[in-house]
Amino acid sequence: MDYQTEDIRNVAFAGHAGAGKTMLVEKILAHAGAIKAPGVIEKGTTVSDWDDLEKKHGHSLSSSLAGFDYRNTHINLLDTPGYPDFIGAALSVLPAVETVGVVINAQRGVESASRRMMSWAQSQNQCRMVVINHIDNDQADLEAIYQEVREAFGDECLAVNLPSSGSEKVIDCFFKAEGESAFSSAESSHTAIVDQAVEVDEELMEIYLDQGEVSAEQLHDAFEQAMREGHLVPVCFVSAHTGVGVPELLDFI
């Protein structure tokens, strides 16, 4: 298909080694129908780690590109290496994207490479998002990780979805804001998003103050503007293992 510029998304997944970036890409590609089934790192069948050395060592050594179509949008997704020795290979491709998604291992929390990638993207005035992965891990304290992300990267980091109890699904906080989450609430998270986004649009703020609410459609442009200005950093919860949260993540790419 032929796409106009506004229908193309260029996104890089960055973060520390072991965050699960490569397997997250696999789940996304499978969900979008670009591949029949996710590959397996141990078998050397992932799209991103195609090099013989990457298959041998079981992790990314260089950045790789996966392009696919999803809901009338063409997405170019970059999977970057996370080990400190290969940080240059990750940083070198970030200027090619509009959005840097920093992937966090829910069990390990915010690590050094994640901090560096977030700092670099912020200094370049790029859109940023945080992807908290491995939410299916029983050892992960998801509420504590979310608070750690906000302490590390700022209060502008706001959840656009929340894990349910047991992490069997994610609860939308942007469109519907309904359902019982493992911590906090969809309603309060939705209010926080609206409060943050309307600050960049005076006209929308007036509507919000007068009516007490704005629709998701009204909020869309202000949300994107807030992301571009670094005023809002969406946080998504996913599991690259079970696929929970992957469709919702794609909605924000």
Side-chain angles (χ1 to χ4, degrees), residues 7 9-15 19-35 38 66 68-77 79 97-106 127-137 140 142-143 145-146 149-150 156-194 196-197 215-217 219-224 226-227 232-253:
D7 298 322
R9 303 287 184 270
N10 301 303
V11 180
F13 281 161
K21 301 181 293 296
T22 296
M23 288 310 301
L24 183 57
V25 170
E26 291 295 308
K27 280 291 187 182
I28 287 174
L29 292 175
H31 177 76
I35 57 176
F68 59 97
D69 298 329
Y70 183 73
R71 294 184 179 176
N72 300 316
T73 300
H74 184 76
I75 299 174
N76 293 312
L77 192 57
D79 178 19
V97 304
E98 297 90 39
T99 303
V100 177
V102 176
V103 183
I104 305 291
N105 186 323
C127 294
R128 295 165 292 148
M129 67 186 305
V130 175
V131 182
I132 299 178
N133 192 16
H134 300 310
I135 64 172
D136 58 303
N137 191 307
L142 300 181
E143 182 175 10
I145 291 299
Y146 180 53
V149 165
R150 301 194 73 207
E156 62 268 28
C157 295
L158 295 172
V160 293
N161 58 53
L162 290 168
S164 67
S165 178
S167 298
E168 297 176 351
K169 62 180 180 178
V170 293
I171 309 300
D172 176 45
C173 302
F174 186 87
F175 295 102
K176 296 180 181 179
E178 298 175 352
E180 187 175 347
S181 55
F183 65 90
S184 186
S185 71
E187 293 81 3
S188 62
S189 296
H190 175 77
T191 299
I193 292 170
V194 175
Q196 193 78 358
S215 67
E217 291 74 19
L219 190 63
H220 179 271
D221 289 347
F223 184 92
E224 290 197 343
M227 279 191 66
L232 193 155
V233 178
V235 178
C236 296
F237 289 84
V238 302
S239 168
H241 175 65
T242 65
V244 167
V246 168
E248 291 81 3
L249 173 60
L250 269 171
D251 288 339
F252 282 95
I253 289 181

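Note that this is a predicted model, so its numbers are computed, not measured.
Among pairs with a residue in residues 156-165, none fulfils salt bridge (Lys or Arg N to Asp or Glu O under 4.0 Å), at least two apart in sequence or across chains. Applying the side-chain hydrogen bond (donor to acceptor under 3.5 Å, both in side chains) test to residues at least two apart or on different chains, none of the pairs has a partner in residues 165-180. Pairs of residues two or more places apart, or lying in two chains, never qualify as salt bridge (Lys or Arg N to Asp or Glu O under 4.0 Å) while including a residue from residues 233-247.
Remark: the backbone N or O of Phe174 is paired with a side-chain donor or acceptor of His190 at under 3.5 angstrom. Using modelled atom types, one side-chain atom of Asn161 and one backbone atom of Phe237 make a donor-acceptor pair closer than 3.5 Å. Using modelled atom types, no side-chain atom of Arg128 and backbone atom of Val233 make a donor-acceptor pair closer than 3.5 Å.
Side-chain contact between Pro38 and Leu29 is absent, with no heavy atoms from C-beta onward closer than 4.5 Å. Val238 has its side chain out of reach of Ile132: every pair of non-hydrogen atoms, C-beta onward, lies at least 4.5 Å apart. Side-chain contact between Leu158 and Arg150 is present, with at least one heavy-atom pair separated by less than 4.5 Å. Side-chain contact between Leu162 and Cys173: present, with at least one pair of heavy atoms (C-beta onward) separated by less than 4.5 Å.
The two residues Val97 and Asn10 have their closest heavy-atom pair at CB-O, 3.3 Å. The shortest non-hydrogen separation linking His134 to Ala140 is O-CB, 4.4 Å. Contact record, Gly179 with Ala186: O-CB, 4.3 Å, taken as the closest heavy-atom pair. A pairwise comparison of heavy atoms in Ala197 and Ala222 identifies O-CB, 3.8 Å as the closest pair.
For the atom pair CD (Glu26) and NZ (Lys21), the distance works out to 13.5 Å, reported to the nearest 0.5 Å. Note that the CG atom of Leu232 and the CZ atom of Phe223 stand 5.0 Å from one another [nearest 0.5 Å]. Taken from CZ in Phe13 to CG in Asp79, the straight-line distance is 8.5 Å, to the nearest 0.5 Å. One distance of note links CD1 of Ile145 with CD1 of Ile104; it measures 8.0 Å at 0.5 Å rounding. One distance of note links CG of Asn105 with CG of Asn137; it measures 7.5 Å at 0.5 Å rounding. Tyr146 OH to Ile135 CD1: the interatomic distance, rounded to the nearest 0.5 Å, is 14.0 Å.
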Side chains of residues 240-253: which donor-acceptor pairs under 3.5 Å do they make with residues two or more places apart or in other chains?
unit_1 : atom_1 : unit_2 : atom_2 : d
Thr242 : OG1    : Ser239 : OG     : 3.0
Thr242 : OG1    : Val244 : N      : 3.3
Asp251 : OD1    : Arg71  : NH1    : 3.1

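In this model, a donor atom of one side chain and an acceptor atom of the other lie less than 3.5 Å apart for His74 and Asn76.
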| message | I'd like to know whether Val102 forms a side chain to side chain contact (heavy atoms under 4.5 Å, CB included) with Val131, so could you lay out the CA-CA distance, the side-chain angles of the two residues, the decisive distance to 0.1 Å, and finally the verdict. | response | CA-CA 6 Å; Val102 176; Val131 182; over 6 Å; no
| request: Output, in order, the C-alpha distance, side-chain angles, deciding distance and verdict of side chain to side chain contact (heavy atoms under 4.5 Å, CB included) for Leu219 and Val194. | output: CA-CA 7 Å; Leu219 190 63; Val194 175; 3.9 Å; yes
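Applying the side-chain contact (heavy atoms from CB on, under 4.5 Å) criterion to Cys127, with sequence neighbours excluded, gives Thr99, Met227, Arg228. Listed by chain and number, the residues in a side-chain hydrogen bond (donor to acceptor under 3.5 Å, both in side chains) with Thr191 amount to none (sequence neighbours excluded).
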